[in-house]
There are 2 protein chains.
Amino acid sequence: MKTVEYLLSFNIKPSVQRIAVMDYLLTHKTHPNIDEIYSALNKTMPTLSKTTIYNTLRLFVEHGAALMLTIDDKYACFDGDIHPHAHFLCSKCNKIYDLPLSEDFLERSMQGVDEYKVDEVALYYRGTCPNCLKKEKLNKN
Amino acid sequence: MKTVEYLLSFNIKPSVQRIAVMDYLLTHKTHPNIDEIYSALNKTMPTLSKTTIYNTLRLFVEHGAALMLTIDDKYACFDGDIHPHAHFLCSKCNKIYDLPLSEDFLERSMQGVDEYKVDEVALYYRGTCPNCLKKEKLNKN
DNA sequence: GTACGTGCAAAGAATTTGCAGATAA
DNA sequence: TTATCTGCAAATTCTTTGCACGTAC
């Protein structure tokens with residue numbers, strides 16, 4: 001599906017800027033923060049402002065077209081993949097990794113929250129990623 | 001256990017300020033943010049500074065004596081209860097609720113992260129709490 | 001033409017830093 | 001004494017706001 005139609009499917013008017021931001025999110029699965037998106041897009045769209053990035057991402061989240069991750073307490077990160085999945089933040093390299101979330105996980109996890117109306121579930125892991133674990137081993141030898 | 005001994009068990013030197021902050025965390029299960037802790041303790045300790053609250057909480061988290069919650073993107077909240085449990089943030093009243101985490105949840109959730117070294121797991125829910133749901137119903141009738 | 005979108009500059013707010021004085025072993 | 005802790009003030013950084021201009025239907 002083209003990005004324009006994708007935005008429309010979330011009832012978001014596709015402006016040039018919004019298309020650019022969504023395109024970036026859909027092609028960069030790095031869970032970028034505002035600054036990364038801004039820096040990247042600014043190269044080809046010099047007039048693009050950070051305010052617009054803020055506005056756009058807030059709009060995306062409100063319309064369910066993107067996820068805001070609060071796994072990093074420094075700044076918010078954004079994810080264009082809205083399918084349920086978990087996230088792992090490596091405290092060494094600060095990368096965020098996607099992890100699968102088993103089908104029955106959500107159902108089971110809901111058992112304790114009967115009386116609550118749940119809009120969103122986030123499962124965050126923090127620790128050391130395989131890459132950094134490997135590096136640590138090499139440095140020890 | 002007295003708070004002094006509790007802090008010592010985490011290898012934290014118990015100063016007057018640290019005891020006060022930990023006492024507050026252990027007796028107020030409201031997942032307070034920095035400002036709440038500061039405002040509350042400032043009444044009885046007028047010289048206590050916000051910087052010290054920041055320093056103290058960072059120390060607690062580093063030593064595993066408290067949890068930092070990133071469920072609210074506005075500011076960090078802190079939890080003196082370090083036993084594994086989930087959190088629910090009500091988007092209406094902004095209260096954070098504790099929820100049980102079934103014993104086998106953690107084991108099962110770890111199955112996808114074999115190659116990772118997991119230090120911390122956080123399960124966050126967002127939505128509407130029972131109290132606010134009740135209020136909404138009343139307002140509709 | 002009217003509503004909506006964009007972007008600059010300024011404001012606001014949370015957190016960190018530098019450093020000097022206070023405290024404790 | 002000597003290292004550690006505290007707290008003020010300033011700096012830094014992320015995010016929001018106000019407002020005027022641009023754009024699109």
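The structure presented is a predicted model; accordingly, all values stated were derived computationally and were not measured. Just so it is clear: chains get the letters A, B, ... in the order the sequence lines come, proteins before strands, and each one is counted from 1.
For the helix from dG1(C)-dC25(D) to dA25(C)-dT1(D), the end axes, each set by the C1' atoms of five terminal pairs, are bent relative to each other by 30° (nearest 10°).
Smallest separation of non-hydrogen atoms from Leu123(B) and Val121(A): CD1-CG1, 3.8 Å. Residues Ser49(B) and Tyr38(B) share a closest heavy-atom pair of C-CE1, 3.9 Å.
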* Give the C-alpha distance, both sets of side-chain angles, the deciding distance and a yes or no for side-chain contact (heavy atoms from CB on, under 4.5 Å) between Asn94(B) and Leu89(B). => CA-CA 6 Å; Asn94(B) 276 316; Leu89(B) 171 64; 4.3 Å; yes

* I would like to know whether Ile12(A) and Tyr6(A) meet side-chain contact (heavy atoms from CB on, under 4.5 Å); could you show each step before the answer? => CA-CA 9 Å; Ile12(A) 296 169; Tyr6(A) 188 68; over 6 Å; no

* To do: Give the intermediate values and the outcome of side-chain contact (heavy atoms from CB on, under 4.5 Å) for residues Tyr54(B) and Ile34(B).
  => CA-CA 7 Å; Tyr54(B) 275 101; Ile34(B) 299 272; 3.7 Å; yes

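Judged purely by atom type and a 3.5 angstrom limit, Thr70(A) uses its side chain to pair as donor or acceptor with the backbone of Thr70(B). Under a 3.5 Å cut-off, the side chain of His31(A) and the backbone N or O of Cys77(A) do not form any donor-acceptor pair. With Ser39(A) contributing its side chain and Glu36(A) its backbone, the two residues share no donor-acceptor pair below 3.5 Å.
Side-chain rings of Phe60(B) and Phe78(B) stay apart, their centers remaining 6.0 Å or farther from each other.
For the pair Gln17(B) CD and dG7(D) C1', the interatomic distance rounds to 9 Å; values are reported in whole Å. Across the protein-nucleic acid pair, Asp35(B) atom CG and dA14(C) atom C1' stand 9 Å apart, rounded to whole Å. What separates CE of Met45(A) from P of dG5(C) is a distance of 15 Å, to the nearest Å. Spacing between atom NZ of Lys13(B) and atom C1' of dT6(D) amounts to 13 Å, rounded to whole angstrom units. As a whole-Å value, the separation of Leu41(A) CG from dT6(C) C1' is 15 Å. With rounding to whole Å, Ile19(B) atom CD1 is found 10 Å from dT6(D) atom P. Between Asn33(A) atom CG and dC14(D) atom P there is a gap of 8 Å when expressed in whole angstrom units. Taking atom CD1 on Ile53(B) and atom P on dT15(C), their separation rounds to 12 Å, with Å as the unit.
Distance from the side chain of Ala76(B) is smallest for dT15(C) among the nucleotides dC14(D), dT15(C), dT6(C).
Residue-environment remark: NZ (Lys135(A)) stays at or below the threshold of 12 foreign heavy atoms within 6.0 Å.
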Listed pairs, N/O of protein and of nucleotides 22-25 of chain D, under 3.5 Å:
none

Review item, nucleotides 8-13 of chain C N/O atoms under 3.5 Å of protein N/O:
unit_1	atom_1	unit_2	atom_2	d
dC8(C)	N4	Thr51(A)	OG1	3.3

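Within residues 58-72 of chain A, no residue is approached by DNA chain C to less than 4.0 Å at the level of any non-hydrogen atom.
Pairs engaging residues 79-101 of chain B under the salt bridge (charged side-chain N to carboxylate O under 4.0 Å, His left out) rule: Lys92(B)-Glu136(B) [sequence neighbours left out].
Comparing Lys74(B) and Asn55(B), the nucleotide of DNA chain D nearest to each residue sits closer to the 5' end for Asn55(B).
The aromatic rings of Tyr116(A) and Tyr97(B) sit perpendicular, their planes meeting at an angle over 60°, well past the 30° parallel limit.
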All N/O donor-acceptor pairs, side-chain side in residues 18-26 of chain B, below 3.5 Å, sequence neighbours left out:
unit_1	atom_1	unit_2	atom_2	d
Arg18(B)	NH1	Lys13(B)	O	3.0
Asp23(B)	OD1	Thr3(B)	OG1	2.6

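Ile53(B) pairs in a side chain to side chain contact (heavy atoms under 4.5 Å, CB included) with only one of the listed residues (Leu57(B), Thr51(B), Asn55(B)), which is Leu57(B).
The side chain of Ser15(B) places an N or O atom within less than 4.0 Å of a non-bridging phosphate oxygen (OP1 or OP2) of dT6(D).
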